[in-house]
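See below for the structure under consideration.
Bear in mind that the values here come from a model prediction, so they are computed numbers and not experimental data. Note that ligands are numbered from 1 as they come in the structure, with each ligand's atoms numbered from 1 the same way.
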Amino acid sequence: MRVELFDEPIALFNLDGEILATQDRCTHGDWSLADGFLENGVIECTLHWGKFCVRTGKVKAPPACAALTVYPVKVEGNDVYVDFESGKVND
Ligand code: FES
């Protein structure tokens with residue numbers, strides 16, 4: 001799902017119960033990833049089919065060539081906390 005933090009779109013993914021967060025802009029074409037296809041921890045962009053690991057943000061398939069920013073997530077009950085300031089890019 002897509003959320004906004006400080007005017008930045010963030011994509012939240014549920015990976016078998018583990019919540020992960022990345023930037024919600026594909027690095028190839030500024031396209032939302034929140035509506036992409038998630039399989040085995042890899043999100044596929046719906047515009048040109050680039051793929052990214054949602055855990056590390058690393059590119060898994062072209063035409064994307066730059067990694068996503070990933071954010072630490074903490075879940076407490078029904079609340080999801082994204083540490084926006086600790087986002088990092090794993091190149
Ligand atoms: S916009 Fe995502 S792969 Fe091109």
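Counting atoms of ligand 1 from 1 in the listed order, those under 4.0 Å from a heavy atom of Gly50 are 3 (S). Ligand-side atoms of ligand 1 in range of Leu47: 1 (S), range being under 4.0 angstrom from any heavy atom. Short contacts between ligand 1 and Trp31, defined as distances under 4.0 Å to a heavy atom of the residue, involve ligand atoms 1 (S).
For the pair Asn90 (side chain) and Thr56 (backbone), a donor-acceptor distance under 3.5 Å is present.
Contacts between Ala64 and ligand 1, counted as non-hydrogen atom pairs separated by less than 4.0 Å, are absent for every part of the residue.
For the residue pair Ser32 / Asp24, a side-chain donor-acceptor distance below 3.5 Å is found, with atom types taken as modelled.
Minimum-distance N/O/S atom of His48 relative to atom 4 (Fe) of ligand 1: ND1.
Residue His28: an N/O/S atom is found under 2.8 Å from atom 4 (Fe) of ligand 1. Taking backbone and side chain together, Cys45 holds an N, O or S atom under 2.8 Å from atom 2 (Fe) of ligand 1.
Taking the six-membered ring where tryptophan is involved, the planes of Phe84 and Tyr71 are essentially parallel, since the angle between them stays under 30° and well short of 60°.
Taking the side chain as every heavy atom from C-beta outward, Val82 and Leu12 approach each other to under 4.5 Å. Proximity of Val70 to Lys88: side-chain heavy atoms (C-beta onward) are separated by under 4.5 Å at one or more points.
With salt bridges taken as basic N to acidic carboxylate O contacts below 4.0 Å, none links Lys60 and Glu44.
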